[in-house]
Amino acid sequence: LYGKPITINNTETFASVPFVIRDGGKTFAEQGIENAGGTKLFSISGHVERPGNYEVPLGTPFAKLLEMAGGMKNGKKLKAVIPGGSSAPVLPADIMMACNMDYDSIAKAGSMLGSGAVIVMDEDVCMVKALERLSYFYHEESCGQCTPCREGTGWLYRIVHRIASGKGKPEDLELLDSIGNNMAGRTICALADAAVFPVRSFTKHFRHEFEHYIKHGKPAKEHKWC
Ligand code: SF4
């Protein structure tokens, strides 16, 4: 934007070009904050009143974005948010409500802005079941070229599925961690990392739910979204 070569490779970038040509890169950048100029499109899905695409300046507080999306569906409490697409680490409500939607703020909070696909989860979500669904997706998506990804995504899914089926073993959380360590950064593309991030973050922030499920074979409370 400032005379340096750049790669234009997605429609969101293309959509910014007319504004930049008309009003200049500086004006565009000034809409955001230092280190994160301009606006970003967020696709908000999940338990909000008005899911959809929202374009806001980078650095907008998450609380404001949630408000734009109509707030929590049916007045439920916010439980967690995946701020940048399903591979981005999940963050608990209190962290997200204090966080701004820009690259540095989300990274500091322990996740990624990624694709801007914001998944909002309410208090009725069972985090074990949610992780089971995510792990199944990455297992299905692995193309199978790299052994750590081909085998690892299957192992991750089967272990989370075992826990979610009430047959988890006390050593399962450590096992998930160990498998993740042997996958992340050891494959051709980023899919293996994408499969590991949700596992690590769900079991870190919502460990008590996994531990309860393993110990009792069922969640602490019946969740609507199980
Ligand atoms: S890491 Fe990428 S290339 Fe390797 S098996 Fe997984 S999806 Fe295929």
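As the structure is a prediction and not an experimental result, all values here were calculated from the model. First listed ligand is number 1; within each ligand, the first listed atom is number 1.
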- Query: Without hydrogens or angle criteria, can the side chains of Asn10 and Thr13 be said to hold a donor-acceptor pair below 3.5 Å?
  - Reply: yes
- Query: Do the side chains of Ile106 and Ser111 get nearer than 4.5 Å, heavy atoms only?
  - Reply: yes
- Item | Under 4.5 Å side-chain linkage, directly or through intermediates, the cluster mates of Tyr136 | Tyr157
- Tell me, which pairs form a side chain to side chain donor-acceptor pair (under 3.5 Å) where one or both residues lie in residues 59-69, sequence neighbours left out? none
- Message: Listing by chain and number, which protein N, O or S atoms are under 2.8 Å from atom 2 (Fe) of ligand 1?
- Response: Cys189 SG
- Message: The criterion is ring pair (Phe, Tyr, Trp, His ring centres under 6.0 Å); which residues satisfy it with Phe19, sequence neighbours excluded?
- Response: Phe28
- Consider only side-chain N and O atoms of Thr39 and Glu55, and report whether a donor and an acceptor are under 3.5 Å apart. yes
- Message: At less than 4.0 angstrom from any non-hydrogen atom of Gly144, what atoms of ligand 1 do you find?
- Response: 5 (S), 8 (Fe)
